[in-house]
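Numbering of ligands and ligand atoms starts at 1, following listing order. These numbers come from the heavy atoms of this one structure, side chains and all, not from hydrogens, waters or symmetry mates.
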Amino acid sequence: MSIKHYLQFKDFTREEYQYLFERTRWIKDQFKAYQQYWPLVDRTLVMIFEKASTRTRLSFEAGMHQLGGSAIYLNTRDSQLGRGEPVEDAAQVISRMSDIVMIRTYEQDIIERFAANSRVPVINGLTNEYHPCQILADIFTFIEHRGCIQGKTVAWVGDSNNMCNTWLQAAEVLDFNVHVSTPPGYEVEAERAGLYGTDHFEQFADPMDACRGADLVTTDVWTSMGFEAENEARIKAFADWCVDGDMMRVANPEAVFMHCLPAHRGEEVTAEVIDGPQSVVWDEAENRLHVQKALMEYLLLGRIQA
Ligand code: CP
Ligand code: NVA
């Protein structure tokens with residue numbers, strides 16, 4: 001039987017997402033009612049971090065404990081991964097001692113090679129190209145606040161990074177639109193984003209135009225992890241790509257604001273917006289916990305009959 005991995009958003013179908021969002025609702029409700037739910041007793045999650053994290057580590061580790069299992073944290077600095085052990089060898093060994101693996105790393109190719117040599121499901125906890133667990137949480141959060149995302153418009157303001165690419169993949173799978181505005185030279189690369197076509201996104205030179213009528217406005221840091229050497233050039237290039245009150249005012253009056261966090265107030269977003277009434281960033285962060293519990297349950301146990 002082939003193992004199911006979650007390496008990019010398009011690894012699952014729309015129907016699988018419908019199941020996962022319903023399952024997340026149930027798992028979140030149980031958690032809020034202090035109901036113990038331990039379907040993963042004796043299961044071990046290994047978390048491999050080659051980049052820093054607060055939310056991803058916390059949500060996966062807490063989530064696995066809450067499902068009755070345990071979680072082990074490895075990072076590049078303290079393991080042989082940082083000393084040149086081939087990723088294929090690491091995958092063989094780690095997957096013989098665990099039931100599921102989450103990896104945060106650099107190139108997507110690294111996680112693909114790990115998964116190809118793994119005996120257990122592998123989850124992408126962020127690569128240079130994609131951040132599927134975050135978009136899973138973001139769409140669940142949109143559904144909680146505004147209902148179905150199909151046919152809606154998401155405005156992406158800023159870098160065409162791992163978050164942007166994943167929004168674009170999600171738009172294809174779940175049938176909504178993304179209006180993207182990046183500074184010149186930082187445009188979406190459709191092949192790197194792993195897109196099937198260009199039907200679900202439109203590029204705008206002016207971020208105000210991208211936000212016009214949008215149902216969700218979102219952004220991310222100007223410099224992602226791994227691109228620190230470009231920081232100075234990016235600070236200059238991105239100065240006009242700051243989500244502010246004017247951008248929110250041209251969006252749908254019901255629009256929500258999201259940011260995967262960590263945020264830099266005064267750079268990609270003003271304090272007025274991220275701390276304002278349309279911002280749902282804290283729900284968005286919390287929902288990482290609930291969607292990833294549903295994801296781990298699905299990868300390990302398949303569909304649970306309600
Ligand atoms: N949003 C997110 O992935 O946060 P961390 O980098 O803190 O894990
Ligand atoms: N695009 C950011 C997201 C951090 C959660 C990065 O890759 O650093």
### Query
Please walk me through it: do Q134 and N162 pass side-chain hydrogen bond (donor to acceptor under 3.5 Å, both in side chains)?
CA-CA 10 Å; Q134 183 67 55; N162 42 14; over 6 Å; no
### Task
Would you check, one step at a time, whether the test side-chain hydrogen bond (donor to acceptor under 3.5 Å, both in side chains) holds for Q169 with Q8?
CA-CA 8 Å; Q169 282 199 359; Q8 49 184 304; 2.7 Å; yes
### Query
Checking side-chain hydrogen bond (donor to acceptor under 3.5 Å, both in side chains) for the pair K51/N128: CA distance, chi angles, key distance, verdict?
CA-CA 10 Å; K51 294 175 175 169; N128 289 352; 2.6 Å; yes
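Looking only at atom types and distance, the side chain of T127 has a donor-acceptor partner in the side chain of Q108 under 3.5 Å away.
Between W167 and F176, the angle of the ring planes goes over 60°, which puts this pair in the perpendicular group of the 30/60° scheme.
If you look at Y130 and F9, their ring centroids are not closer than 6.0 Å.
Placement of L299 and L126 in two distinct hydrophobic clusters is found when ILVMFWY residues are connected by side-chain heavy-atom separations under 4.5 Å, directly or transitively.
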One line per pair, note the atom names and distance for all nitrogen or oxygen contacts under 3.5 Å between ligand 2 and the protein.
from, atom 1, to, atom 2, distance (Å)
ligand 2, 1 (N), N161, ND2, 3.4
ligand 2, 1 (N), N162, OD1, 2.9
ligand 2, 1 (N), D220, OD2, 2.6
ligand 2, 1 (N), S224, OG, 2.7
ligand 2, 7 (O), N162, ND2, 2.8
ligand 2, 8 (O), M225, N, 2.8

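A distance limit of 4.0 angstrom between heavy atoms and ligand 1 selects the residues S53, T54, R55, T56, R104, H131, Q134, C260, L261, R288.
The pair R192-E129 meets the salt-bridge criterion, with a side-chain N (NZ, NE, NH1 or NH2) lying under 4.0 Å from an Asp/Glu carboxylate O. With salt bridges taken as basic N to acidic carboxylate O contacts below 4.0 Å, none links E267 and R234.
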